[in-house]
Amino acid sequence: MSSVSLTSVSLAYPGGHLGLADVDLDIGDGEFVALVGPSGSGKTTLLRTVAGFISPTAGTVRIGETTVAGAGRDVEPERRGLGMVFQQHAVWPHWNVGRNVEYPLRRAGVGRAERTRRVAEALELVGLGGAERRDPATLSGGQRQRVAIARAIVGRPRVLLLDEALSALDEPLRDRLRLELRALTRSLGLTVIHVTHDRSEALALADRVVVLDAGRVQQIGTPSELVDRPASPFVARFISDAAVLPGRLSGGVFRASGFPIEVPAERLSAERSPDHRARAHRDPAHPVHVAGERAVEIAVQPEHVRVVPDPAGPAVVESSLFGRSGDELVVRWGELRLRSRASGARCAAGERVRVEIDRALVFEPDPAQHAAHASSQAEPASVGA
Ligand code: ADP
Ligand code: MG
């Protein structure tokens, strides 16, 4: 049984802007799902739709067995069995910690003895045992965020919704709270939807990650699926800082357009996860083969860009940051900029290098993006004419 289920959910804001477009998402009981995507991609909109602060214009939202939105239903947020934590710890400053945490129980009409017991238990769980009488003003940012988490779990929700809940905190506190949150939600068997703009946080914490762009689901997968088998160049770029190069396949070899880059067949991979964008458009996903002769795009992740110092090399190291297993490099090769994070590489800024590609993923060019690109390029020319 899935715990949260969105079926063909769309949301148009007043004025027609599509906040969500045909979103399908099934989250299992006890699953920890992270929602990532560029700013404005619809992460908060999706969370607020599940919470019930906004109603979808199409589609249905189910929590457990209950349809809470769509199909003529619109269950109010308080009755959806959810806990919520936002970026800014919404802790009421004029109430002590206990009163803050107790609030959802008061609203639900839980008796005083039971409230006291459950508040103590929730505070214990977030590492603030005995803090009932403390004034929120005397707490650190991290402690206030724990109070917000205690308040979100005190009502024993089925689902916990977190919107950038850790983003306002500084390291190393954030790192610690991240680990604690994961342990806590596992031990309580909570289903979690965690919105974050931090890709590493999403990959580190989640069982599955949902990548959103422009209100559409681009891919849903485990962290390793997203890294090893991105469904589109967008996902490869967003999740892994991949470089995307257009070019041609011919005789099994990829040749970049306008660039002396060649990648032989044995270094090309066309294996991928299902493309949710294709599914959302109701197109069959195109199988991709390395054979044949045609225009394609390749995505190259920084881990697979090998940079070799070479005084006669065609590229120059633009920046070099020390990394534990190898430097993080940005290499400029004519117009092209590539990131490299190959293990063992040590190069200084300004050094001349040659670049080898150890592995690249092949994608069919996206016709929609192609058209948009072509028309945006055509404009300046027509203005000049
Ligand atoms: P994210 O959380 O991923 O940054 P949001 O869900 O907040 O993105 O926003 C998605 C899109 O919807 C953005 O383009 C944003 O400008 C738009 N949007 C958000 N809230 C409203 C609103 N109340 N009215 C109109 N447009 C909105
Ligand atoms: Mg947001």
Side-chain angles (χ1 to χ4, degrees), residues 4-25 27 32-61 63 68-70 74 76-77 80 82-90 141 145 148-149 152 159-169 174 177-178 181 192-206 208-221 223 226 230-232 234-241 276-277 280-281 368-369 372 376:
V4 178
S5 196
L6 284 79
T7 309
S8 306
V9 168
S10 293
L11 181 119
Y13 279 112
H17 181 85
L18 263 191
L20 295 174
D22 207 9
V23 170
D24 287 320
L25 177 59
I27 300 175
F32 194 118
V33 165
L35 214 56
V36 298
S39 172
S41 58
K43 304 182 294 294
T44 295
T45 304
L46 197 157
L47 217 59
R48 291 174 64 84
T49 305
V50 173
F53 298 126
I54 40 184
S55 308
T57 13
T60 55
V61 180
I63 298 176
V68 293
D74 196 1
E76 37 184 317
R80 293 193 180 194
L82 306 167
M84 280 171 258
V85 183
F86 302 103
Q87 176 166 4
Q88 293 307 332
H89 18 261
Q145 201 63 333
I149 295 170
V159 181
L160 187 61
L161 304 178
L162 306 168
D163 195 352
E164 304 277 5
L166 306 179
S167 302
L169 303 171
R174 186 166 159 195
L177 213 50
R178 218 178 255 158
L181 184 68
V192 183
I193 310 181
H194 175 49
V195 164
T196 175
H197 66 271
D198 182 334
R199 297 170 298 177
S200 341
E201 182 172 298
L203 295 174
L205 287 179
R208 285 191 304 158
V209 178
V210 178
V211 184
L212 277 181
D213 186 38
R216 277 180 200 281
V217 173
Q218 302 294 318
Q219 188 170 1
I220 304 173
L226 290 182
S232 64
F234 170 84
V235 174
R237 214 187 263 131
F238 185 76
I239 293 289
S240 303
D241 290 325
H276 285 266
R277 190 189 39 185
H281 288 156
Q369 271 185 18
S376 71

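Atoms within each ligand, like the ligands themselves, are counted from 1 in listed order.
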Chi angles and distances behind the side-chain contact (heavy atoms from CB on, under 4.5 Å) call for D24, T7:
CA-CA 5 Å; D24 287 320; T7 309; 4.1 Å; yes
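- A donor-acceptor contact shorter than 3.5 Å is absent between the side chain of E164 and the backbone of H194.
- Judged purely by atom type and a 3.5 angstrom limit, K43 uses its side chain to pair as donor or acceptor with the backbone of G37.
- For ligand 1, the 4.0 Å heavy-atom shell contains residues Y13, H17, P38, S39, G40, S41, G42, K43, T44, T45.
- Between M84 and F53 there is a side-chain heavy-atom pair separated by less than 4.5 Å.
- The number of protein N, O or S atoms lying under 2.8 Å from the Mg ion (ligand 2) is 1.
- With R216 contributing its side chain and D22 its backbone, the two residues share no donor-acceptor pair below 3.5 Å.
- L25 contributes atom CG, which lies 5.0 Å from atom CD1 of I220 (distance to the nearest 0.5 angstrom).
- For the pair T60 (side chain) and G70 (backbone), a donor-acceptor distance under 3.5 Å is absent.
- Taking the charged nitrogens against the carboxylate oxygens, D198 and R174 do have a contact shorter than 4.0 Å, which makes a salt bridge.
- When all heavy atoms of G215 and V23 are compared, the pair lying nearest together is O-CG2, 3.5 Å.
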